[in-house]
Amino acid sequence: MEIINTEWGLNSYLELKSKRVFTDSEYREVLKPDVMLLQDFPNNEKFNQNKFWSPAEDHSGKIITDCYKMKWHQIGNGRIQLRLTVMIRGNQSFLCEAYVKENEKTEKRKLALLKTYAELIRRGQYTVCGRWGKPT
């Protein structure tokens, strides 16, 4: 599967990096390798672990079509919970937005935004800022 980093994904990464939410070591050794697992989606065992990967749900608990969350716990010096929203469409995975899960209100707001990103991706209205892997 091809991994596509959207402009939203890149901007959120740069914001988190500037705030030093995670260390360079955590990025190289944990976050980036986990994201690269999307090339083998859904075949890697990590995608069966609910603490790492789950369907994204809107504020009412309804699953957002084709959308998921990657989840990391105890990241950075603040030992925060980090999330990355992802949309799977055909043989492509789109990195939508990374954020710190501060509370349920933040989570609901970010997942509402994911619904908007998903609709824009469906319409082809997104900017590609990086690609990894090859479409299958």
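Just so you know, these numbers come straight off a predicted model, no measurement behind them.
Cation-pi geometry between Lys71 and Phe52 is not met at under 6.0 angstrom from the ring centre and within 45 degrees of the axis.
Contact of the Trp72 side chain with the Leu84 side chain is registered, since non-hydrogen atoms from C-beta on lie closer than 4.5 Å. At a threshold of 4.5 Å between non-hydrogen side-chain atoms, the residues Tyr99 and Gln81 do not count as touching. Here the side chains of Trp53 and Gln49 are not in contact, with every heavy-atom distance at 4.5 Å or above. Looking only at side-chain heavy atoms (C-beta outward), Leu82 and Leu31 come within less than 4.5 Å of each other. A 4.5 Å side-chain heavy-atom check between Thr85 and Lys110 finds every atom pair outside the cut-off. When side chains are defined from C-beta on, Ile75 does not count as touching Thr23, because their heavy atoms never get closer than 4.5 Å. Between Leu14 and Leu16 the shortest side-chain heavy-atom distance does not fall below 4.5 Å. Side-chain contact between Val21 and Val100 is present, with at least one heavy-atom pair separated by less than 4.5 Å.
The two residues Leu114 and Cys67 come nearest to each other via the heavy atoms CD2-CB, 3.6 Å. Between Glu15 and Ser18, the closest heavy-atom pair is O-OG, 2.8 Å. The minimum heavy-atom distance between Glu26 and Gln74, with the atom names listed, is OE2-O, 4.2 Å.
Electrostatic pairing of Glu97 and Lys115 does not count as a salt bridge here, judged by no charged N lying under 4.0 Å from a carboxylate O. Between Lys108 and Glu104, no side-chain nitrogen of the basic residue sits less than 4.0 Å from a carboxylate oxygen of the acidic one, so the salt-bridge criterion is not met.
Between atom CG of residue Asp58 and atom CD1 of residue Ile64 there is a gap of 5.5 Å, rounded to the nearest 0.5 Å. Note that CE of Met70 is 8.0 Å distant from OG of Ser93, once rounded to the nearest 0.5 Å. Note: Gln92 CD to Met1 CE = 9.0 Å, rounded to the nearest 0.5 Å. The CG atom of Leu95 sits 10.0 Å away from atom CG of Leu10, with the distance rounded to the nearest 0.5 Å.
Hydrophobic side-chain contacts under 4.5 Å tie Trp8 into a cluster, directly or through other members, with Ile4, Met87, Phe94, Leu113, Tyr117, Leu120, Ile121, Tyr126, Val128.
Applying the 6.0 Å contact sphere to CG of Asn77 captures no more than 12 heavy atoms from other residues, nucleotides or ligands. Other residues, nucleotides and ligands contribute over 12 non-hydrogen atoms within 6.0 Å of the CZ atom of Arg122. For NZ of Lys19, the number of neighbouring non-hydrogen atoms (other residues, nucleotides, ligands) closer than 6.0 Å is 12 at most.
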Exercise for the section: In sequence, state the C-alpha distance, the side-chain angles, and the governing distance for Lys101 and Thr106, and then conclude on side chain to side chain contact (heavy atoms under 4.5 Å, CB included). Expected result: CA-CA 7 Å; Lys101 180 183 177 186; Thr106 302; over 6 Å; no
Handout entry: Test log, rule ring-ring contact (aromatic ring centres under 6.0 Å, His included), inputs Phe47 and Tyr68
Key = CA-CA 10 Å; Phe47 294 113; Tyr68 301 88; 8.7 Å; no
Exercise for the section: Step by step, work out the side chain to side chain contact (heavy atoms under 4.5 Å, CB included) result for Asn5 and Trp132. Expected result: CA-CA 8 Å; Asn5 195 8; Trp132 298 273; 3.6 Å; yes
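Lys69 is linked by a salt bridge (Lys or Arg N to Asp or Glu O under 4.0 Å) to Glu107, counting only residues two or more places apart in sequence or in another chain.
Of the options Val35, Ile3, Leu38, a side chain to side chain contact (heavy atoms under 4.5 Å, CB included) to Val86 is made by Leu38 and by none of the others.
The closest donor-acceptor contact from the side chain of His73 to the backbone of Arg79 lies at 3.5 Å or more, if one exists at all.
The hydrophobic clustering, which links ILVMFWY residues whose side-chain heavy atoms are closer than 4.5 Å, places Leu111 and Ile63 apart.
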